[in-house]
Structure formats: C-alpha cells, structure tokens
Amino acid sequence: MANDFYDVLGVDSEASGEEIKKAYRKLARELHPDLNPDPVAAEKFKEVTTAYETLSDDQKRRMYDLGFSGNGPSAGGFGFGGLGDFVDAFFGSTQQRGPRSRTRRGQDALIRLDIDLLEAYSGFNKDLTVETAVVCNICNGSCCAPGTAPSVCSMCRGRGDVQAVQRSLLGQVVSSRPCPQCSGFGTVLPSPCSECSGEGRVRTRATLNAQIPAGVDTGTRVQLVGRGEVGPGGGDPGDLYLEIVVKQHKSLHRVGDDLQSIITIPMSSASLGTTFEFKTLDATEQITVKPGTQSGTVISLRGRGMPRLRREGRGDLHIEIIVQTPTGLNDEQKGLMKKLSELRGEDSPVVEPEKLSDSGLFSKLRDAFTRP
C-alpha cells in the first residue's frame with residue numbers, strides 16, 4: 001500500500017494549504033534531481049510530488065481523506081481510477097451527450113402465417129395486408145408543418161442536455177441530463193405536422209408481397225428486409241419476420257423432411273400381394289405390396305418427401321401397412337376360412353409367447369407400464 005501522503009510531506013492531516021506548499025518546497029530543494037543526483041532521492045522526489053499534487057487540490061484532498069486517490073490506493077485502502085470515474089460512478093456521467101437525432105430506425109415486426117402442407121412443399125408468393133407505419137406524406141418525415149422548420153431549443157441552446165449542480169460531501173458536483181424542454185433533441189418543433197403529430201410517420205394498412213421458399217416448416221421465420229415499420233422522423237424501416245405455421249394434412253404426417261402415412265389393406269391382399277395407387281403432394285405413385293406382407297411393414301419411397309429448405313434434395317416418404325382382419329363373415333365366408341385354416345394346419349394352432357427383445361414393441365410397452 002502507498003505511503004500516507006501527509007507523512008510523505010511531513011505535515012499534519014489538518015495542515016493548511018500554505019503549510020503543505022512550504023513543506024513541498026523544502027523537500028523539493030533537497031530531493032530534486034538537478035540538485036541531488038542520488039537515484040533514491042529521485043524516487044523520493046516523485047513520491048513527494050504525487051503527494052503534493054493530491055493534497056494541494058481541495059477536491060482531490062477531500063477525496064483522499066474519504067479514502068480515494070486519483071493516483072491509486074490511498075492510506076484508507078480504497079482504489080479508484082480518478083476523479084472522473086468517481087463522479088461518474090456516484091452521480092452519472094458529467095460529460096455532455098449532445099443532441100439525439102429525431103430520425104431513428106423503425107422496429108422489426110413479427111406476424112404469424114398459417115399455410116398448408118402443399119404450400120410448404122411447393123413454395124409460393126403471397127400478398128399480405130399488414131398494419132404498419134409509413135413516412136408521413138404531408139411532412140415527408142420532417143415532423144414539421146409545411147413551410148416550417150425546427151428551431152434551436154432555448155433552454156439547452158441546441159446541446160440536448162442541461163447541467164445541474166449538486167452539493168455533496170465532495171463539494172459541488174456537476175451532472176447532466178436530457179433537456180426537459182426538447183427531450184434531448186436540441187431542437188423544438190414550433191409547428192408540428194398536424195397529420196403525424198410531429199412523429200414523421202403515420203400508421204396505415206399496407207399490402208406486401210412475400211416469397212415463401214419451398215421446404216418451410218412450423219417455426220421457420222422468413223425475413224423480409226426493410227419491410228417493417230418506418231422509424232420516427234422518417235427513419236429507415238425495420239425488418240418484417242413471418243413465422244410459419246404448417247397446418248396438419250389429412251393423410252400425411254411430416255417429420256423433418258420426411259413424410260409418413262398409414263395404409264390399411266385387406267388380409268387377402270397382404271397374403272397374396274397387391275398393387276395400389278398412392279397420391280403424394282405432387283404425383284401418383286404405384287405401390288407394390290409383396291405377398292405375405294405383415295402388419296407394421298413400412299414401404300419407403302426415396303426422395304418423395306419434402307424439399308430440403310434452401311438445400312438440394314428431398315426427404316423420403318414412408319408408408320406403413322396395416323393388415324385388416326376381416327369381421328362380420330357370412331356362413332359361406334366362414335366355411336372358406338375354416339377350409340383354408342385346415343389346409344394350412346392352423347385349425348388347432350399352438351400359441352406361444354413371443355420372445356421379448358430390447359428393441360421390440362413389447363419391450364416398449366413394458367417400459368411404458370413400468371416407468372416410475
């Protein structure tokens with residue numbers, strides 16, 4: 001820790017300014033490098049000079065007595081960067097900020113856009129009607145009535161802020177704040193525009209055209225640069241963001257870039273095999289079911305899913321086959337089924353539990369029922 005400045009000068013803490021000056025002059029004659037070539041004396045002279053510069057200034061001396069020094073830690077043990085830092089920390093900045101501009105950038109806007117799966121698949125152009133702010137067509141963003149102009153504020157004289165003097169333990173401290181008459185602009189509007197009330201912009205309904213790219217999904221945000229609200233004073237507009245919400249399709253379920261669907265076929269078709277048409281979002285596909293297909297079988301069509309957003313390629317289409325067990329059989333159908341059962345040796349089946357596997361359906365059911 002630095003030496004006590006009063007001890008360095010050899011004076012009492014109640015010493016007057018004249019006593020501090022005399023003590024410094026005496027030490028300076030003994031320690032000045034021009035009069036004393038000893039390196040130790042030169043270092044001592046620097047310390048004496050620092051002490052004198054602090055204690056000879058009334059405001060710095062008050063700060064030092066309170067535990068602060070403009071040159072580092074004082075005898076009180078507190079460090080501070082300097083007078084400006086101290087005042088700023090307790091009273092706010094004392095520097096003039098200058099007038100702020102009436103022209104500012106507009107805010108960004110976010111609106112929700114509901115679309116269907118086909119629109120998300122193909123992409124589209126859409127006209128949107130939105131509530132927004134545009135440049136006032138009377139004052140063209142000047143905020144003033146036609147033929148008038150802003151005048152310099154008489155209170156702050158164009159500075160945008162005013163100074164206030166506060167008394168504290170440290171003496172008088174000067175701080176600044178935005179001018180209450182001009183709100184910090186430095187100018188006032190003698191005749192504000194009657195159309196926009198001095199805002200330089202008005203609210204209206206506008207129609208915008210938006211390009212929605214193929215492959216968007218729920219949660220995707222499309223940015224329309226410069227299509228948001230015009231700022232105060234006719235400032236640059238912000239951006240408009242469209243948050244996409246894709247509605248559920250009647251037969252297709254989307255998972256990322258893939259599409260999923262479920263098809264139910266008769267037991268006979270699953271046994272003998274069959275072919276059927278499946279309508280995708282943009283075409284009709286021929287789906288072949290192999291003989292002996294089991295319920296739960298998934299047929300995948302590569303590249304028939306959703307386009308990848310702003311990338312090449314498409315996802316896949318997965319079709320799950322559900323085999324329907326016939327019900328409501330008449331006597332003739334029951335006889336045929338019984339005959340088939342006898343021919344296949346299934347009239348007296350031996351039923352045994354399936355062996356459980358970690359990845360099987362029953363394993364998932366077991367985990368679901370045993371989960372705490």
Side-chain angles (χ1 to χ4, degrees), residues 92-116 119-120 123-164 174-213 216 218-246 310:
S93 175
T94 58
Q95 297 180 353
Q96 294 183 0
R97 300 173 179 83
R100 60 191 182 101
S101 174
R102 293 184 184 275
T103 302
R104 301 190 300 278
R105 182 181 182 274
Q107 291 185 338
D108 295 338
L110 175 68
I111 63 175
R112 168 175 166 160
L113 182 61
D114 293 322
I115 65 175
D116 57 42
E119 290 175 318
F124 62 97
N125 278 313
K126 188 176 183 66
D127 288 332
L128 306 171
T129 300
V130 298
E131 292 281 349
T132 188
V134 298
V135 176
C136 176
N137 59 359
I138 300 299
C139 68
N140 293 319
S142 69
C143 305
C144 301
T148 67
S151 60
V152 176
C153 175
S154 59
M155 179 175 287
C156 68
R157 298 182 181 180
R159 293 191 303 269
D161 53 23
V162 292
Q163 295 183 342
V174 180
S175 62
S176 63
R177 58 187 176 88
C179 175
Q181 180 167 294
C182 67
S183 300
F185 292 118
T187 59
V188 294
L189 305 177
S191 301
C193 174
S194 59
E195 180 70 15
C196 63
S197 301
E199 271 286 304
R201 59 178 182 170
V202 293
R203 302 204 67 81
T204 186
R205 295 176 66 87
T207 300
L208 308 174
N209 182 264
Q211 172 67 49
I212 309 301
V216 293
T218 296
T220 299
R221 288 190 177 182
V222 178
Q223 181 182 13
L224 304 181
V225 179
R227 307 306 297 273
E229 294 185 350
V230 166
D236 293 337
D239 298 336
L240 175 64
Y241 292 87
L242 306 179
E243 186 168 66
I244 304 297
V245 177
V246 181
R310 299 186 180 91

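- Other residues, nucleotides and ligands contribute more than 12 heavy atoms inside 6.0 Å of the CZ atom of Arg104.
- With sequence neighbours excluded, the residues forming a side chain to side chain donor-acceptor pair (under 3.5 Å) with Gln223 are Asp239, Tyr241, listed by chain and number.
- Shown are Pro192, Ser191, Cys193; of these, the side-chain contact (heavy atoms from CB on, under 4.5 Å) with Leu189 is made only by Pro192.
- At least one side-chain heavy atom of Pro213 sits less than 4.5 Å from a side-chain heavy atom of Val222.
- Using a 4.5 Å cut-off on side-chain heavy atoms (C-beta onward), Arg227 and Thr132 make no contact.
- Not one N or O on the side chain of Glu199 forms a donor-acceptor pair closer than 3.5 Å with the backbone of Cys196.
- Across every non-hydrogen atom of Arg105 and Pro237, the tightest pair is NE-O, 4.1 Å.
- The shortest distance between side-chain heavy atoms of Leu224 and Leu242 falls below 4.5 Å.
- Minimum heavy-atom separation, Pro178 to Val162: O-CG2, 4.4 Å.
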Donor-acceptor list for residues 133-154 side chains, cut-off 3.5 Å, not counting sequence neighbours:
| residue | atom | partner | partner atom | Å |
| --- | --- | --- | --- | --- |
| Ser142 | OG | Cys139 | O | 3.0 |
| Ser142 | OG | Cys144 | N | 3.4 |
| Thr148 | OG1 | Ala145 | N | 3.3 |
| Thr148 | OG1 | Ala145 | O | 2.6 |
| Ser154 | OG | Gln181 | NE2 | 3.0 |

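- Between Ile244 and Ile115, the closest side-chain pair of non-hydrogen atoms falls below 4.5 Å.
- From Thr103, atom OG1 reaches atom CG of Asp236 across 9.0 Å, with rounding to the nearest 0.5 Å.
- Residue Thr129 holds its OG1 atom at 8.0 Å from CG of Leu208, rounded to the nearest 0.5 Å.
- A salt bridge links Arg203 with Glu229: the closest approach of a Lys/Arg side-chain nitrogen to an acidic carboxylate oxygen falls below 4.0 angstrom.
- The CG atom of Asp127 sits 5.0 Å away from the CG atom of Asn209 when rounded to the nearest 0.5 Å.
- With salt bridges taken as basic N to acidic carboxylate O contacts below 4.0 Å, none links Glu243 and Arg112.
- Under the 3.5 Å distance criterion, the side-chain polar atoms of Arg201 are left unmatched by any main-chain donor or acceptor of Gly235.
- Contact of the Val130 side chain with the Ile111 side chain is registered, since non-hydrogen atoms from C-beta on lie closer than 4.5 Å.
- Residue Phe185 holds its CZ atom at 8.0 Å from OG of Ser101, rounded to the nearest 0.5 Å.
- Remark: Arg102 CZ to Ser183 OG distance equals 8.0 Å, nearest 0.5 Å.
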